[in-house]
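Here is the structure we will look at.
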Amino acid sequence: MASLSELPALRNYSKPFGIRFLEYIKKGKLSYKTHQAIVLIVTFLAYTCYHATRKTTSIVKSALDPQSPDVGLKFPWRMTYLSSPAEKKRFSWVLGDGWAPFNGSDGSALLGELDVAFLSVYALGMYFSGHLGDRMNLRVFLTVGMVGTGLFTSLFGVGYWAKIHSFYYFLIVQMIAGLFQSTGWPSVVAVVGNWFGKKKRGLIMGIWNAHTSAGNIAGSLIASALLSYGWGWSFVVPGLLIAFVGLLVFLFLPVSPESVGADKEEDEVGSPRKIGEGVTEPLLGSDAEIKETAVGFIEAWKIPGVAPFAFCLFFAKLVAYTFLYWLPYYISHTGILIYLFDLQF
């Protein structure tokens, strides 16, 4: 058992390498607020990348099963569409021919099966990821999830260069990618909850939750911009990006104040404190509290407010993911852009 004199060294050893490097440059400990800023930035980037890699599939669907060859990202699209001759609207890699087996009569059904498989494994994995996250180092757990997501997202794109036309290859890759994707949300929420109390929960979560929209926008832009070079790039580049951010998570993410020896009271020394004012209660409680008050699946449903919130989120996600996965595909298959253009001109 370590002596009391050895505890500071052990505590320093548990700090992420990036935190120790920042403290070495500063020649002193980082403040509690600095740690909070790092947590917000790193977790924001992490889940932005999760959504960016998740969004690529909806953009590439129009290339895998096209009815219109004009699916690339063009600025401005109207000017490009009018000025480009008809023969130039087909890309050099024959985008209009699609990609077997998705360019057949049952292409839309096969793409739908990929979505069902991905989301089913993702939903199932969320339950187990929450349990694993409570028992593992969240920094390592999140890093493994992000690197795994990047690997299997890239493997989907590798099918383009490897000339893979087996539906089961893409199905298995999507299912494993969904499993790794499920590690994201429970992990980032738990880490943020360890660092922020309930006092400004609405403001912090409101700003921080913009990562979903930022990820969807970034994923759409990246996938669309790379589509003209081959649809494989639309998967490989986001996959490499999330793997890189996963390494940043491993280097810089402090899981909890206890893991890095941060003390909020030390930052408040010398500042007046109101009578009865204590340390802010963590948003989700500490690890010890989670283990003492852990409940099972059935017991969780009995907690007041859980069931109504779950059903509300179910219908909200139903609409959101319908647009997320199928809106670009629908627009590219209906000629709605040309129709709107004709109305204006």
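Please read all numbers here as calculations on a predicted model, not as lab measurements.
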Which atom of Gly145 lies closest to which atom of Thr183, heavy atoms considered
CA-OG1, 3.2 Å

Apply the test side chain to side chain contact (heavy atoms under 4.5 Å, CB included) to residues Leu30 and Leu22: give CA-CA distance (whole Å), side-chain angles for both, the deciding distance (0.1 Å), then the verdict.
CA-CA 8 Å; Leu30 299 180; Leu22 293 177; 4.1 Å; yes

Apply side chain to side chain contact (heavy atoms under 4.5 Å, CB included) to Leu227 and Ser224, showing your working.
CA-CA 5 Å; Leu227 199 56; Ser224 299; 5.6 Å; no

Residue from Val249, Leu138, Leu142 passing side-chain contact (heavy atoms from CB on, under 4.5 Å) with Val191:
Leu138

Compute both the distance and the angle, then confirm whether Arg54 meets the cation-pi test with Tyr122: under 6.0 Å from the six-membered ring centre, within 45 degrees of the axis.
yes

Could I get the full list of side-chain contact (heavy atoms from CB on, under 4.5 Å) partners for Ala214, not counting sequence neighbours?
Phe44, Thr48

Can you give me the closest heavy-atom contact between Leu253 and Arg139, atom names plus distance?
O-CD, 3.0 Å

If you group Ile, Leu, Val, Met, Phe, Trp and Tyr by side-chain heavy-atom gaps below 4.5 Å, do Ile38 and Leu247 land in one group?
no

So, His51 side chain and Tyr47 main chain: donor-acceptor pair closer than 3.5 Å or not?
no

Applying a strict under-4.5 Å side-chain criterion to I, L, V, M, F, W and Y, I'd like to know whether Tyr168 and Leu155 cluster together.
yes

Pairwise side-chain contact, Met175 with Phe152, heavy-atom cut-off 4.5 Å (strictly under)
no

State whether the number of non-hydrogen atoms from other residues, nucleotides or ligands found under 6.0 Å of Phe250 atom CZ is greater than 12.
no

Between CD1 of Ile242 and CG of Leu151, what distance do you get to the nearest 0.5 Å?
11.5 Å

I would like to know whether His35 and Ile19 meet side chain to side chain contact (heavy atoms under 4.5 Å, CB included); could you show each step before the answer?
CA-CA 9 Å; His35 282 102; Ile19 297 296; 4.0 Å; yes

4.5 Å side-chain heavy-atom contact, Leu110 and Phe170:
no

Between the CH2 atom in Trp231 and the OH atom in Tyr160, the distance rounded to the nearest 0.5 Å is 9.0 Å

Please test Val147 against Phe180 for side chain to side chain contact (heavy atoms under 4.5 Å, CB included), starting from the C-alpha separation and ending with a verdict.
CA-CA 9 Å; Val147 173; Phe180 280 106; over 6 Å; no

Out of curiosity, Leu119 CG to Leu124 CG, how far, rounded to the nearest 0.5 Å?
12.5 Å

Pairs touching residues 149-159 that satisfy side-chain hydrogen bond (donor to acceptor under 3.5 Å, both in side chains), sequence neighbours left out
none

Shortest non-hydrogen pair, Ala100 vs Asn103, comes out as CA-OD1, 3.3 Å

If I take atom CD1 from residue Ile172 and atom OG from residue Ser166, how far apart are they, to the nearest 0.5 angstrom?
7.5 Å

Closest approach of Leu179 to Gly125 (non-hydrogen atoms, all atoms of both residues):
CD1-CA, 4.2 Å

Hey, any chance Val173 and Leu240 share a hydrophobic cluster, counting ILVMFWY side chains that come within less than 4.5 Å of each other, even indirectly?
yes

Donor-acceptor side-chain pairing of Tyr229 and Ser234 below 3.5 angstrom
no

Please name the pair of heavy atoms, one in Pro186 and one in Met126, separated by the smallest distance, quoted to 0.1 Å.
CD-SD, 3.9 Å

Using side-chain heavy atoms (C-beta onward) and a distance below 4.5 Å, is Phe102 in contact with Leu114?
yes

Any side-chain heavy atom of Gln174 within less than 4.5 Å of one from Val121?
no

Suppose we screen for side-chain hydrogen bond (donor to acceptor under 3.5 Å, both in side chains). Which residues come up paired with Thr43, at least two apart in sequence or across chains?
Trp208

Regarding Lys15 and the six-membered ring of Phe17, is the cationic atom NZ or CZ under 6.0 Å from the ring centre and inside 45° of its axis?
no

Leu45 reachable from Val140 in the ILVMFWY side-chain graph, under 4.5 Å edges:
yes

Looking at residues at least two apart in the chain, or sitting in another chain, which of them share a side-chain hydrogen bond (donor to acceptor under 3.5 Å, both in side chains) with Ser129?
Ser182

Please check this pair: side chain of Lys26 against backbone of Lys29, looking for a donor-acceptor N/O pair closer than 3.5 Å.
yes

Does the Trp99 side chain pair with the main chain of Ile164, one donor and one acceptor, at a distance under 3.5 Å?
yes

For the backbone of Val116 and the side chain of Ser120, can you confirm whether one donor and one acceptor N or O come within less than 3.5 Å of each other?
yes

Hey, what do you get for CD1 (Ile25) to NZ (Lys27), rounding to the nearest 0.5 Å?
9.5 Å

Contact between Leu251 and Pro16 at the side-chain level, heavy atoms closer than 4.5 Å - yes or no?
no

Keeping Gln36 on the side-chain end and Trp195 on the backbone end, is there a donor-acceptor pair under 3.5 Å?
yes

Does Leu40 reach the side chain of Phe196, with side-chain heavy atoms less than 4.5 Å apart?
yes

Tyr50 side chain near Val188 side chain, heavy-atom distance below 4.5 Å
no

Considering residues at least two apart in sequence or located in another chain, which fulfil the side-chain contact (heavy atoms from CB on, under 4.5 Å) criterion with Ala37?
none

Could you check whether any side-chain N or O of Thr56 sits under 3.5 Å from a backbone N or O of Thr53, counting only pairs where one atom can act as donor and the other as acceptor?
yes

Closest heavy-atom pair, Tyr32 versus Pro257, reported as atoms and distance to 0.1 Å, is OH-CG, 3.6 Å

May I ask you to test the Val39-Val255 pair for a side-chain heavy-atom distance under 4.5 Å?
no

Taking only residues two or more places apart in sequence, or in another chain, which ones meet Leu248 in a side-chain contact (heavy atoms from CB on, under 4.5 Å)?
Phe244, Phe252

